[in-house]
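Beneath this line is the structure, given in structure tokens, with notes to follow.
Lettering of chains follows the sequences in order, A, B, ..., and the numbering in each one begins at 1.
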Amino acid sequence: MDTFETRLRDRLVRLEAAAPVRDVRPRPSRSRRGLRTTFAIAAALLLATFAVGLAIGRFVDPNEPVGHPGFENPGQPFYGAGLRCMTPPEAHRTIVERGFTVTWQIEDRDPAGAGTTSLSTEPPPSGVVEDGFVQGNKAHVVVSVGSGAIPYSGCD
Amino acid sequence: MQLAAVEPLPADILEADLLAAYPGLVRRLALVLRDEVEAEDVAQSAFARAIESRDRFRGGDARAWLFTIGLRLAFNELRRRRRARAASPDALPTWAIRSDPDLWSALAELEAQPRAALLLSVIDGYTHDEIAAMLDVRPGTVSSWLSRTKERLRVALRED
């Protein structure tokens, strides 16, 4: 295996390992599950998600780099810019002023919404900047909107 | 009275092997389908089908058997999706952004079957013949796919 293949294998393994798996065991088929059980599982999952969210908020150092180029990681173009503490329009201005074009990936986190994802070159008027990365002169920014969007805990 | 240890039945062993392979199948399908929610749904169906048709399993690599069922269901799902809507949005999941967005985008340029073949070859080390059997194509097709996909990725990832 040449060097390229070795590097490719390492990158593919890391990317695949990053893919989330909600249930490590297959769920029983829905038709065999009672309504009460379904609600109980949904409530347990909701509680678990909330607990993990709290734990991450509490224990993760906001300045610690997480894997491949989050655009605010050390060494990345927006290190120290504080984009995650800005409104989307403020973040948009900051990014454009530095010579980048922006694609906004808008994640609807409203429980009443369908959890949809959409892409736009314009920022939403409000929301929480979650993450992003830079390729060349293009920035790709993920922003969550709706009542389920949780503000970044590292902002004053 | 001392009871003899109960040996698990072969069916139980198969189910245990399938359960062990299940999370890996979900992750693999997330790369093939490029949608982790659909990946879980398809993996669920694949697991259920494997259990239903366990009598047809002739021994050997249970993981490969489950992956074969899962990948074929995934290709059906992609065909259905292609009919249902013109093109999937070019959105990047957060987990891919945090891991390797360049590679995720480069993989998007490949067709699903060559992409699956690449993963089976590069990550799992299956031979061309084994991949051909899993994807129900000729070994020569697999060789051609692998050669082209690697070259495309080498260019896309600027690896010279």
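A:Leu83 and A:Val128 fall into different hydrophobic clusters, defined by Ile, Leu, Val, Met, Phe, Trp and Tyr side-chain heavy atoms under 4.5 Å apart, directly or through other members. Hydrophobic clustering (side-chain heavy atoms under 4.5 Å, transitive across Ile, Leu, Val, Met, Phe, Trp, Tyr) groups B:Ile69 together with A:Val21. Hydrophobic clustering (side-chain heavy atoms under 4.5 Å, transitive across Ile, Leu, Val, Met, Phe, Trp, Tyr) groups A:Val13 together with B:Ile97. Cluster membership check: B:Val37 does not share its hydrophobic cluster with B:Leu73, using side-chain heavy-atom separations under 4.5 Å among Ile, Leu, Val, Met, Phe, Trp and Tyr.
Counting heavy-atom neighbours within 6.0 Å of B:Arg49 CZ, excluding the residue itself, gives a total of 12 or less.
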Apply side chain to side chain contact (heavy atoms under 4.5 Å, CB included) to residues B:Leu107 and A:Leu12 and explain how you reach the verdict. CA-CA 10 Å; B:Leu107 289 173; A:Leu12 285 169; 4.0 Å; yes
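With rounding to the nearest 0.5 angstrom, the CG atom of B:Leu157 is 9.5 Å from the CZ atom of A:Arg7. Taking CZ from A:Phe133 and CG from B:Asp100, the interatomic distance works out to 10.0 Å, rounded to the nearest 0.5 Å. Rounding to the nearest 0.5 Å places CG of B:Leu103 at 5.5 Å from CZ of A:Arg11. Taking CD from A:Glu16 and CD1 from B:Ile123, the interatomic distance works out to 4.0 Å, rounded to the nearest 0.5 Å. Considering CG of B:Leu18 and CZ of A:Arg25, their distance stands at 11.5 Å, rounded to 0.5 Å. In this structure, B:Ser105 OG and A:His140 NE2 are separated by 8.5 Å, a value rounded to the nearest 0.5 Å.
Heavy atoms of A:Asp10 lying under 4.5 Å from chain B are absent altogether. Contacts between A:Val142 and chain B at a heavy-atom distance below 4.5 Å involve the side chain alone, from C-beta outward. In this structure, chain A has a heavy atom under 4.5 Å from the side chain of B:Asp41, while its backbone stays farther away. With a threshold of 4.5 angstrom between heavy atoms, B:Leu119 approaches chain A through side-chain atoms but not through N, CA, C or O. Proximity to chain A (any heavy atom under 4.5 Å) is restricted, for B:Ala30, to the side chain, taken from C-beta onward.
When atom types are taken as modelled, the side chain of B:Glu40 and the backbone of A:Arg22 share a donor-acceptor pair closer than 3.5 angstrom. In terms of modelled atom types and a separation under 3.5 Å, the side chain of A:Gln105 and the main chain of B:Leu92 share a donor-acceptor contact.
Across all non-hydrogen atoms, the minimal contact from B:Arg98 to A:Glu130 is NH2-O, 4.4 Å. Between B:Ser99 and A:Arg14 the shortest heavy-atom distance is OG-O, 3.7 Å.
No side-chain heavy atom of A:Asp23 sits under 4.5 Å from any side-chain heavy atom of B:Pro23.
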